[in-house]
Structures are given as C-alpha cells and as structure tokens.
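Step one of this worksheet: look at the structure below.
Numbers here simply count residues along the sequence, with the first being 1.
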Amino acid sequence: MSRIAWPFMVAVVACGQAAAQSLPAPGLPAPPPMHEAPAAPPAAGGGLLTLDAALARTAERSPLLAAARKEVEALQGGIVQAGVRPNPELAISVEDTRRDTRTTAAQVGIPIELGGKRQARIVAAERARTVAEADLVSQQAALRAATVAAFFDVLVAQEALALARGAREVAVRAVDIAAKRVAAGKVPPLEEDRARVEQANAELDIEAARSRLMQARQGLGALWDERDPGFGTAAGDLETLPQRPPADELLRQLEQAPDLAGSRLEIERREAVKDLERSKQYPDVRLTAGTQRNNELGRNQALIGIAIPLPLFDRNQGNVYEATVRADQARDMHRALAARLARDLEQASSRLALARGSAETLRHTVMPAANRAYDAATRGFEAGKFGFLDVLDAQRTLFQARLRHLAVVADTYQAAVEIDRILGR
C-alpha cells in the first residue's frame, strides 16, 4: 500500500455514528479526531473571516470590478458624444491682393446630417453601454463564484493542516511506544524504524499542508489585490453539503444567465452598428451662407450655397457588409455560448450529484468500517496477534478514507460554485 499524504486526510463532516468513534486500545495512539480545530496561523492584525466578509472585500476592492465599472462610466461619455451635432464652419477668403480690386468673402457652413445618422449613433452608443453593464454583471457573478471557491479552499486547507498536526502527534506517540517495546524485547527493532519513518513523513506532510494553506490564502487575497490577506482564520461550515435543483430545472434557468444576457445584448449592439453604417450611405448636405465685399464695385454681395457629395464610388458598402457579417457572427457566437453553458451546467450538476453520493457513502459506510479496522488492529497489536506494520496499514486505510472524503466534499463545493457562476447566482 502506498503512503498516504496525511495532511489531506480529514473528515469535514461528523460520522454521526457511535460505531465510527470506537475507543483505541490501551497504550496505542488513537487516530486524530474527526473535528480537529482549524489551525491556520493568524496573520498580523487579522481575525476571523466569514464568507460574507470575503464577498464584501471582493466587491469593494477587486480591480477587475473597478475596471468594469469604469467601462460603463466611460461609455456614458460615448452616448453624450453620439448625440452632439456637427459644428458649423466659418470660411473667409480674399480675391486679389490689391486694395482697389480686392474681394473679401465670409461664409458660414452648416452641415445637415441625413439618413438618421445622429439617432443611429445614439442607439449604437446606448447598446454599447448596455453590453458593458451586462459584462459588469457577469464579472460580478464570476468573481463571486471565484471568492466562494477560494474561501472554501482555505477552509479545506485549514482542516488539512489541523489533521496533519494531529497525525504528527499520533506518529510521535507511536515512536515512543515502539521504542519501549523494542527495549522490552517484545518487537524487533524494525518496528521502531518504521514508526520513525512515519513520524518523519508526518513532519514533511505538515510542511506541505502549511504551504498549501498559504497558497490558498494568497489565492483568496489575490481577488482583493492583496499579496498578504489581512485575516487570520477563515470561519465557515463544511458540514452541510451544498445542494442544487435537478439538471432539467437548472437548464430552464439558463436563459437568464448573465453570459447569455450579455450575448443577446451584443447581438443588439451589432445590429445597431449595422444600422449606423447603413445610415452613412446617405450623403450629408452642407448649406453655406455669407457675404462678400467687392471693392471694385463698391458694394456687398450675398452668398448662398449648397454642397452635396455624389456617392458614385464610396457608398460605405464595405463597412455595411462588415457590420452585417459581424451581426450574423454575434448570433452564431450566442448559439455556441448557449450550447457550451448548457453542457457545462449539466456536467456540473452530474458532478455535484456524484460528489454528494460519494460523500454520504464515505461518511456512513467507509469511514466507520475503517475506524473499526484500525481499532481491531490496535487491540490485536496489544494482544500480540498483529505486528506494528498491520497497525500502520490500518491507520493508513483510515486516513485514506478521510482524504477521499475531504476530496469529494471539496468537489461538491466546486461543482455548486460552477453552477452558481453559470446561472449568475
């Protein structure tokens, strides 16, 4: 049997059965308790961190959310600019540099937009802002899910470190017992060597568990743009496993998912851009009015004009075609996104159901049996029926069950978080 990494063999829910909590034989170490207190080294000035507090920190300090909010704010300026009418022009010209025959003209040109260009610009700008608002909602949902996942990673790592320390205590007591039995001539020296190897492994596992806890804390702090998270211990409940509705009901809720809502708004935005490009096919008219002074005739003359571009070559046909194709592309991307999210949702739902079932089996069947096997091995060792290696194998089996239980509990939270992320809960 391969050596089990003890730091991660922790039961995060109670066995709930008295048979699983059998008493150890006299003189032999008991396995670490099922509910070891979290043993996270508190940061300087830190305290307990709840999930609500973690979510509040993310919402307040996340640079990604700040950037998304500024994008919405910036696009408001685009709406203002889209509604601005073009500026008039003042033109002054002089004919002939001689004073007596000079003609000086001053004209004001007023551009008149045709084809609904201004309204099309406003609609396109408003659609761009609504897309940014939808992106902000999606970003909020994604960061919330990431915060929940990172928070429970810290909880799991804390539990793992607590068990690793308990396992070290077991290993230290086992070395002491083995040494006394070797000295009494009841067991060969090999038993003491094996016990010392397990103690050394337990020390290494503590360092690994401490490193993983530090990584989990840093991962949570990164969501707040903090290298050193300002909290001591994460306080949460891992005993109640998350539960979500069946896959069919989740799929019915998918239509309201933030990502799909944003995708639909992107289709509308691209349709608005297409309408804007079509409006540019109509040339704008420029009206001019002014006066000129003819020194040779000694009088002023009125000037009135109109300028109409002739759309013989440039009818904005290239931009219209591109905008039309991109609108169709947005529809294709929406269908692809809907299919991918439906697949991801079904997979997360199946993963959650499997993890919950596995956790229940481990809690009520596997871990109680592993506890009984360890108890029998320790009592047999006391009676001289088994060697210390048999006790170690039984202990490893017990910790392996706890490790697997921890893994499936973590998997249930990860699957539930993925469902919430997709649906924007």
Side-chain angles (χ1 to χ4, degrees), residues 66-136 262 264-331:
R69 294 188 187 101
K70 286 182 173 59
E71 178 67 14
V72 174
E73 184 179 354
L75 289 175
Q76 179 60 36
I79 297 176
V80 174
Q81 186 61 36
V84 174
R85 299 182 184 277
N87 293 321
E89 293 181 357
L90 173 63
I92 298 177
S93 62
V94 176
E95 295 182 11
D96 200 345
T97 58
R98 291 173 296 180
R99 181 182 180 86
D100 294 338
T101 58
R102 181 186 305 166
T103 300
T104 304
Q107 299 181 79
V108 175
I110 302 176
I112 300 177
E113 293 182 309
L114 301 179
K117 293 185 183 67
R118 179 172 175 271
Q119 183 59 32
R121 284 198 310 271
I122 294 174
V123 171
E126 289 175 343
R127 294 292 183 271
R129 185 186 61 180
T130 57
V131 170
E133 291 172 345
D135 289 342
L136 173 58
R264 288 192 295 271
L265 291 173
E266 176 63 15
I267 294 175
E268 296 179 6
R269 186 191 73 82
R270 294 196 182 189
E271 286 290 340
V273 171
K274 182 174 69 173
D275 293 339
L276 175 60
E277 295 301 334
R278 283 178 174 173
S279 71
K280 294 178 182 178
Q281 293 178 316
Y282 302 93
D284 295 336
V285 174
R286 183 175 298 277
L287 299 178
T288 58
T291 182
Q292 70 175 12
R293 172 66 181 178
N294 191 319
N295 290 348
E296 186 177 4
L297 299 178
R299 63 179 183 178
N300 297 327
Q301 298 173 318
L303 296 175
I304 299 177
I306 183 172
I308 304 176
L310 301 177
L312 299 178
F313 307 107
D314 182 4
R315 299 185 300 277
N316 205 41
Q317 59 268 36
N319 291 333
V320 171
Y321 178 77
E322 178 184 357
T324 302
V325 173
R326 292 195 180 280
D328 293 338
Q329 180 192 39
R331 294 187 181 89

### Query
Mind checking whether Leu287 and Ile306 have side chains closer than 4.5 Å, heavy atoms only?
yes

### Query
Step by step, would you call Asn295 with Arg293 a side-chain contact (heavy atoms from CB on, under 4.5 Å)?
CA-CA 6 Å; Asn295 290 348; Arg293 172 66 181 178; 3.4 Å; yes

### Query
Would you say Leu136 and Arg69 make side-chain contact, with heavy atoms under 4.5 Å?
yes

### Residue pair Arg270 / Gln329, side-chain donor-acceptor N/O under 3.5 Å
yes

#### Entry: Closest non-hydrogen atom pair between Arg315 and Pro311, with its separation
CG-O, 3.5 Å

### N-O pairing of Glu268 and Arg264 below 4.0 Å
no

#### Entry: Option passing side chain to side chain contact (heavy atoms under 4.5 Å, CB included) with Val131 (candidates Arg269, Glu71, Glu126)
Arg269

### Query
Could you go step by step and tell me if Lys274 and Glu271 meet the salt bridge (Lys or Arg N to Asp or Glu O under 4.0 Å) rule?
CA-CA 5 Å; Lys274 182 174 69 173; Glu271 286 290 340; 3.1 Å; yes

### Message
More than 12 heavy atoms of other residues, nucleotides or ligands under 6.0 Å from CD1 of Ile304: yes or no?
### Response
no

### Query
What's the shortest heavy-atom distance between Pro111 and Pro88, and which atoms?
CD-CA, 4.1 Å

### Message
Main chain of Val108, side chain of Thr288: is a donor-acceptor contact present, judged purely on distance under 3.5 Å?
### Response
no

### Query
Of the non-hydrogen atoms in Ala124 and Ala272, which two are nearest, and what is the gap between them?
CA-CB, 3.7 Å

### Message
I need the single residue from Arg121, Arg85, Arg118 that forms a side-chain hydrogen bond (donor to acceptor under 3.5 Å, both in side chains) with Glu113. Which is it?
### Response
Arg121

#### Entry: 4.5 Å side-chain heavy-atom contact, Arg129 and Ile79
yes

#### Entry: Closest contact, heavy atoms only, Leu303 versus Ala105
CD1-CB, 3.8 Å

### Task
State whether Lys117 and Asp284 are salt-bridged, where the test is any N-O pair (Lys NZ or Arg NE/NH1/NH2 against Asp/Glu carboxylate O) under 4.0 Å.
yes

### Message
Counting C-beta onward and ignoring hydrogens, is there a side-chain heavy-atom pair between Arg127 and Glu266 closer than 4.5 Å?
### Response
no

### Message
If the threshold is 4.0 Å, N to carboxylate O, is there a salt bridge linking Arg98 and Asp96?
### Response
yes

### Summary
Separation between CG (Asn316) and CD (Glu322), nearest 0.5 Å, reads 10.0 Å

### Atom pair OG1/CD of Thr101 and Glu95 - distance to nearest 0.5 Å
10.0 Å

### Summary
In terms of heavy-atom contacts, Thr97 and Arg102 come closest through O-NH2, 3.2 Å

### Query
Rounded to the nearest 0.5 Å, how far does CG of Leu297 lie from OG1 of Thr103?
7.5 Å

### Message
Surrounding CD of Gln76 (heavy atoms of other residues, nucleotides or ligands, distance under 6.0 Å), is the total greater than 12?
### Response
yes

### Query
What distance do Ile112 atom CD1 and Arg286 atom CZ have between them, rounded to the nearest 0.5 Å?
10.0 Å

### Query
Between the main-chain N or O of Ala120 and the side-chain N or O of Asp275, is there a donor-acceptor pair closer than 3.5 Å?
no

### Query
Would you call Glu277 and Gln317 a side-chain contact if the rule is heavy atoms closer than 4.5 Å?
no

### Summary
The reported gap from CG in Asp314 to CD in Gln281 (rounded to nearest 0.5 angstrom) is 10.0 Å

